[in-house]
Amino acid sequence: MHSQDHDRIFLSPPHLGRHELNYVHKAIEDNWVAPAGPNITGFEADICQHTGAVHCVALNSGTAAIHLGLILLGVGADDEVLCSSFTFVATANPIAYLGATPVFVDSEAQTWNMCPLRLREAIEDRIRRGKTPKALVLVHLYGMPAQLRELLAIADEYGIPVLEDAAEALGSRYGQQALGTFGAVGVFSFNGNKILTTSGGGALITNNADLAQKARFLATQAKDPAPHYQHSATGYNYRLSNILAGIGRGQMELLDDRVKKRREIYTWYQRHLADLPALRFAPQEPVGSRANRWLTTLLLDPAHTSVTPEQFRQHLETRDIEARPLWKPLHLQPLFQNAPHYGGSVCADLFERGLCLPSGSAMTEDDLRRVAGAVREVLGVV
Ligand SMILES: *Cc1c(COP(=O)(O)O)cnc(C)c1O
């Protein structure tokens with residue numbers, strides 16, 4: 001037998017409930033195995049109900065949702081699109097698909113999301129150089145609400161439409177309102193590592209009926225209304241399958257539970273590791289908001305430890321625990337080395353010092369203790 005008497009603790013594995021299979025079963029029984037059917041409409045209705053959005057279009061990935069969302073906002077070749085630098089690459093890749101240029105904006109220290117001061121600086125500078133940015137892609141990283149009041153006011157002042165990348169933020173709120181519903185378009189991901197999953201999937205939400213209709217049209221190969229297949233626009237094959245939407249329906253029943261559990265995990269780590277001055281947990285959300293705490297994130301304070309995030313990660317790996325660095329800022333990625341950026345040192349510093357701890361909603365108290373024990377070992381305070 002292997003010397004370890006425990007299983008690997010993953011960062012954020014899928015966590016299925018008891019009803020997903022019923023929806024999938026029904027889809028197969030009724031032969032709804034195409035990218036159309038009752039699970040899709042049901043899943044979309046569930047998302048609308050939970051978020052308060054008027055329209056939802058279920059898609060086969062969050063990346064596809066961002067791509068279509070940018071098209072809906074009019075982004076095309078040679079446009080510039082403002083984008084958070086501190087995010088996963090999927091936020092910005094669709095900007096490149098369209099032949100547009102991302103303009104990266106740094107984070108602020110409170111939420112780790114886009115800095116309103118840097119946003120204004122970026123917009124004014126791009127205008128001075130001759131181009132008003134065509135759209136703004138705002139990310140709520142790790143489920144933490146960005147400073148929406150300030151950011152939206154600036155975007156509004158310059159007439160720049162907002163796409164909210166809420167891929168990591170399903171179930172988070174700013175005030176009483178769900179993230180994803182503040183911009184002209186909002187995006188969720190149901191990839192395997194997210195707070196809910198359809199194995200792979202995404203959704204676009206909007207309150208604008210024309211935009212929703214256009215998203216459906218583009219997601220299904222842009223078929224003109226004609227009995228033969230006629231096309232006058234470039235379309236995509238981006239719809240979610242009715243089988244996967246069945247998984248989504250079962251998962252949506254669990255959203256409140258999953259958010260509650262992720263938040264408890266964050267609080268548990270904070271409480272049980274509070275005596276370690278080397279650890280700085282991700283800040284509290286803006287007053288009146290609720291972060292879903294998709295992942296518990298923290299920074300190592302170099303004033304209190306010489307352990308680097310990579311040493312920390314590697315030590316947890318020896319205990320069969322998966323930790324991960326924070327996202328590497330996009331303005332530092334070789335892929336985007338020629339893209340303009342405004343600020344950058346705040347998110348670069350977060351990346352240098354930060355880590356994500358295992359945060360899966362199926363974690364047990366024993367799992368949490370194992371992680372906390374490994375953290376104490378690596379910081380030399382066993
Ligand atoms: C996961 C993720 C995406 C992409 O979603 P997929 O469903 O994996 O295509 C986009 N943005 C952020 C911030 C993400 O974390």
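No hydrogens, no waters, no symmetry mates; every other heavy atom, side chains included, goes into these values. In listed order, ligands and their atoms are each counted from 1. Counting begins at 1 with the first residue of the sequence.
Close contacts between ligand 1 and Asn191 involve ligand atoms 7 (O), 8 (O) [criterion: under 4.0 Å to a heavy atom]. Proximity to Gly201 (heavy-atom distance under 4.0 Å) selects the following atoms of ligand 1: 7 (O). For ligand 1, the atoms sitting less than 4.0 Å from at least one non-hydrogen atom of Ser189 are 1 (C), 5 (O), 6 (P), 7 (O), 8 (O), numbered in the order shown with element in parentheses. Within the listing of ligand 1, atoms 2 (C), 3 (C), 10 (C), 11 (N), 12 (C), 14 (C) sit less than 4.0 angstrom from a heavy atom of Ala167. Atoms of ligand 1 lying under 4.0 Å from at least one heavy atom of Ala90, given by number and element, are 3 (C), 4 (C), 10 (C). Here is the list of ligand 1 atoms found below 4.0 Å of a heavy atom in Thr87: 13 (C).
Look at Arg293 and Glu264 and you find no salt bridge, because none of the NZ, NE, NH1 or NH2 atoms lies under 4.0 Å from a carboxylate O.
In this model, no donor atom of one side chain and acceptor atom of the other lie less than 3.5 Å apart for Glu168 and His140. There is no side-chain donor-acceptor pair under 3.5 Å between Gln337 and Gln333. Side-chain N/O atoms of Tyr174 and Glu285 include no donor and acceptor closer than 3.5 Å. A donor atom on one side chain and an acceptor atom on the other are not found under 3.5 Å apart for His55 and Thr206. At a cut-off of 3.5 Å, with distance as the only test, a side-chain donor of Asp125 or Tyr342 sits close to an acceptor on the other residue.
A cation-pi arrangement is not found for Arg262 relative to Tyr266, the charged atom failing to lie both closer than 6.0 Å to the ring centre and inside a 45° cone about the ring normal.
Within the structure, the side chain to side chain donor-acceptor pair (under 3.5 Å) test picks out the following pairs touching residues 28-44 (sequence neighbours left out): Lys26-Asp30, Glu44-Arg216, Glu44-Arg239.
Residue-ligand proximity: Gly200 is placed with every non-hydrogen atom at 4.0 Å or more from ligand 1.
The two atoms that bring Pro35 and Ile40 nearest to each other are C-CD1, 3.4 Å, heavy atoms only.
For Trp294, no nitrogen or oxygen atom sits less than 3.5 Å from a nitrogen or oxygen atom of ligand 1, counting backbone and side chain alike. Some N or O of Thr63 is nearer than 3.5 Å to an N or O of ligand 1, by distance alone. The shortest N or O to N or O distance between Glu168 and ligand 1 is under 3.5 Å. Not one N or O of Val139 is nearer than 3.5 Å to an N or O of ligand 1, by distance alone.
Closest protein heavy atom to atom 11 (N) of ligand 1: Asp165 OD2, 2.7 Å. Taking atom 2 (C) of ligand 1 as the reference point, the nearest protein heavy-atom neighbour is Lys194 NZ, 2.7 Å.
Residue-level proximity to ligand 1 for Ser61 is carried by backbone and side chain together, each with a heavy atom below 4.0 angstrom.
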